[in-house]
Novice: 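The structure is given below, and queries will be raised subsequently.
Order of listing sets the numbers, starting from 1, for every ligand and every atom in it. Heavy-atom basis, side chains included; hydrogens, waters and symmetry copies ignored.
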Amino acid sequence: MSKHLIELNVNGTEYEVITEPRRTLVDVLRHDLRLTGTHVGCEHGVCGACTVLIDGTPARACLTFAVQVENADIRTVESLGIDGELNDLQQAFADNHGLQCGFCTPGFLMLAEGYLAENPDATKDEIREIVASNYCRCTGYQTIVEAIDSCAEQRRCAGCVK
Ligand code: FES
Ligand code: FES
């Protein structure tokens with residue numbers, strides 16, 4: 001099969017990748033760019049473990065061909081922490097016991113990051129509905145909802161005092 005040279009913008013860095021058009025974004029992220037924070041579960045769009053942001057919108061990287069997102073703004077879980085420090089959303093997951101094995105966590109983090117950016121006033125019921133798109137087999141969803149809700153509340157408070 002023919003190969004193509006594409007440019008991918010991931011976490012603010014431009015990468016040149018030579019790839020066959022059949023390869024998924026999640027495979028290119030993990031195997032070519034060595035960004036292994038994005039996980040692979042079902043590989044057919046059901047579990048959400050592979051969720052990344054594409055131009056700010058949460059998307060399944062296992063259902064996206066890498067050649068489709070040339071020049072898009074792609075964000076993975078590696079973009080969240082700064083200098084080895086957790087960002088506020090990651091810290092909220094830790095503080096609220098929103099993770100156990102952690103396999104699903106990068107997907108939930110990117111789902112929540114994208115959702116809260118667009119919906120800073122999200123209610124707990126809305127958050128509960130949004131997280132239904134991703135699978136977690138360990139926690140039940142209550143602590144994940146608590147974590148996202150607590151981060152949203154902190155961000156709203158921070159906005160108030162500015
Ligand atoms: Fe992509 Fe499950 S690995 S949705
Ligand atoms: Fe284990 Fe979610 S923390 S699958």
Novice: May I ask you to list the atoms of ligand 2 that are less than 4.0 angstrom from any heavy atom of Cys101?
Specialist: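 Listed by number with element, the hits are 1 (Fe), 3 (S), 4 (S).
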
Novice: Within a distance under 4.0 Å of any heavy atom of Cys47, pick out the atoms of ligand 1 and give their elements.
Specialist: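 So the answer, numbered in order with elements, is 2 (Fe), 3 (S), 4 (S).
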
Novice: Could you see which bit of His44 sits under 4.0 Å from ligand 1, with heavy atoms only: side chain, backbone, both or neither?
Specialist: neither

Novice: With a cut-off of 2.8 Å, does Cys104 put an N/O/S atom close enough to atom 1 (Fe) of ligand 2?
Specialist: no

Novice: Where's the contact between Val26 and ligand 1, heavy-atom distance under 4.0 Å: side chain, backbone, both or neither?
Specialist: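 No part of Val26 is near ligand 1 at this cut-off.
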
Novice: With atoms numbered from 1 as shown, which atoms in ligand 2 lie under 4.0 angstrom from a non-hydrogen atom of Cys136?
Specialist: 2 (Fe), 3 (S), 4 (S)

Novice: What atoms in ligand 2 come closer than 4.0 Å to a heavy atom of Gly102?
Specialist: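 Near Gly102, the atoms of ligand 2 are 1 (Fe), 3 (S).
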
Novice: Report, in ascending order of atom number, the atoms of ligand 1 lying under 4.0 Å from any heavy atom of Cys42.
Specialist: 2 (Fe), 3 (S), 4 (S)

Novice: Quick check: are there more than 12 heavy atoms from other residues, nucleotides or ligands sitting under 6.0 Å from OH of Tyr135?
Specialist: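 Open: at most 12 neighbouring heavy atoms sit under 6.0 Å from OH of Tyr135.
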
Novice: Tell me: protein heavy atom nearest atom 4 (S) of ligand 1, and distance?
Specialist: Gly48 N, 3.2 Å

Novice: Check whether Leu25 and Ile6 end up in the same hydrophobic cluster, where Ile, Leu, Val, Met, Phe, Trp and Tyr are linked by side-chain heavy atoms less than 4.5 Å apart.
Specialist: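 Leu25 clusters together with Ile6.
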
Novice: Within a reach of under 6.0 Å around CD of Glu85, are more than 12 heavy atoms found that belong to other residues, nucleotides or ligands?
Specialist: no

Novice: If you measure only the distance, is there a donor-acceptor pair under 3.5 Å linking the side chains of Thr76 and Asn11?
Specialist: yes

Novice: Begin with the C-alpha distance, continue with both residues' side-chain angles, and end with the deciding distance and a verdict on salt bridge (charged side-chain N to carboxylate O under 4.0 Å, His left out) for Glu113 and Arg155.
Specialist: CA-CA 12 Å; Glu113 195 69 36; Arg155 289 182 182 181; 3.3 Å; yes

Novice: Strictly distance-based, threshold 3.5 Å: is any side-chain N or O of Asp27 a donor or acceptor partner for the main-chain N or O of Arg23?
Specialist: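 Between the backbone of Arg23 and the side chain of Asp27 there is no qualifying donor-acceptor contact (under 3.5 Å).
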
Novice: Between Gln91 and Asp95, do the side chains contain an N or O donor and an N or O acceptor separated by less than 3.5 Å?
Specialist: yes

